[in-house]
Amino acid sequence: MTTYTATISLPQSLDDSFAFIADPRNLPYYFPRITSAELVGAELVRTTAVIDPDGAEDDNGEPVTADAWFRSDPDDHVISWGSPDNDEYHGQLSAEQGDDVTRLNLTLTTSASYPGIQDSLDEALRSIAAKLADG
């Protein structure tokens with residue numbers, strides 16, 4: 001398995017940043033391949049994503065719908081997720097207060113390998129920053 005990480009600093013407050021990432025309905029705003037996300041249980045989210053098995057950045061991917069567990073820990077400002085059927089895929093996004101900024105730390109662990117995973121994580125954090133800046 002490989003673990004990928006990405007970090008970004010934001011001017012928004014810790015509480016505002018965490019409130020945004022902790023709402024699973026916001027997943028499509030920051031994971032660009034996710035087209036929809038809805039809670040279907042206490043810790044279960046159903047997502048639809050456009051996946052290209054070759055990792056290409058074109059519009060020729062296939063929509064895939066799957067369930068994932070999604071947990072939010074407001075005390076530690078951490079969300080985590082993973083596949084209920086595959087313990088070799090899971091991630092975590094944490095928010096922490098820095099000097100006049102909020103730092104978001106994104107970690108993804110997976111046994112899958114395709115081009116662009118690191119770029120996707122970096123893009124996700126830039127998307128969060130842009131959405132929070134827009135209010």
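Counting from 1, the numbers follow the sequence of the chain as shown. Computed from a predicted model, the values in this text were never measured in an experiment.
In the displayed structure, R25 atom CZ is contacted under 6.0 Å by at most 12 heavy atoms of other residues, nucleotides or ligands. The number of heavy atoms from other shown groups lying within 6.0 Å of CG (D134) is above 12. Counted within 6.0 Å of OH on Y29, heavy atoms from surrounding residues, nucleotides or ligands total 12 or fewer; the atom is thus considered open.
The shortest non-hydrogen separation linking I117 to A112 is CD1-O, 4.0 Å. Across all their heavy atoms, R103 and G98 have their closest contact at NH1-CA, 3.5 Å. For the residue pair I21 and F70, the shortest heavy atom distance occurs at O-CZ, 3.8 Å. Pairing each heavy atom of T65 with each of R46, the nearest pair is CG2-CG, 3.6 Å. Closest non-hydrogen pair, A22 versus I79, comes out as CA-CG2, 3.7 Å.
One hydrophobic cluster, built from ILVMFWY side chains closer than 4.5 Å, holds both L106 and F20. Clustering ILVMFWY residues whenever any of their side-chain heavy atoms sit less than 4.5 angstrom apart, transitively, puts V78 in a cluster other than the one holding F31.
Going from atom CG of L104 over to atom CG of L125 covers 6.0 Å, rounded to the nearest 0.5 Å. In this structure, CH2 in W81 is found 10.0 Å from NE2 in H90, a value given to the nearest 0.5 Å. Taking CG of L132 as the reference point, atom CG of D16 lies at 7.5 Å (rounded to 0.5 Å). Considering CD of E88 and CE of M1, their distance stands at 5.5 Å, rounded to 0.5 Å. Here S94 contributes atom OG and D73 contributes atom CG; the two are 10.5 Å apart, rounded to the nearest 0.5 Å.
Side-chain contact check for T107 and T5: no donor-acceptor pair (N or O, by modelled atom type) lies under 3.5 Å. Under the 3.5 Å distance criterion, with hydrogens and angles disregarded, no donor-acceptor pair is assigned to the side chains of T48 and T35.
Relative ring orientation between H77 and F18 is described as perpendicular, the plane-to-plane angle rising above 60° on a 0-90° scale split at 30° and 60°.
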CA sep, side-chain torsions, deciding dist, call: Y89, L108, side chain to side chain contact (heavy atoms under 4.5 Å, CB included): CA-CA 8 Å; Y89 173 83; L108 179 70; 3.5 Å; yes
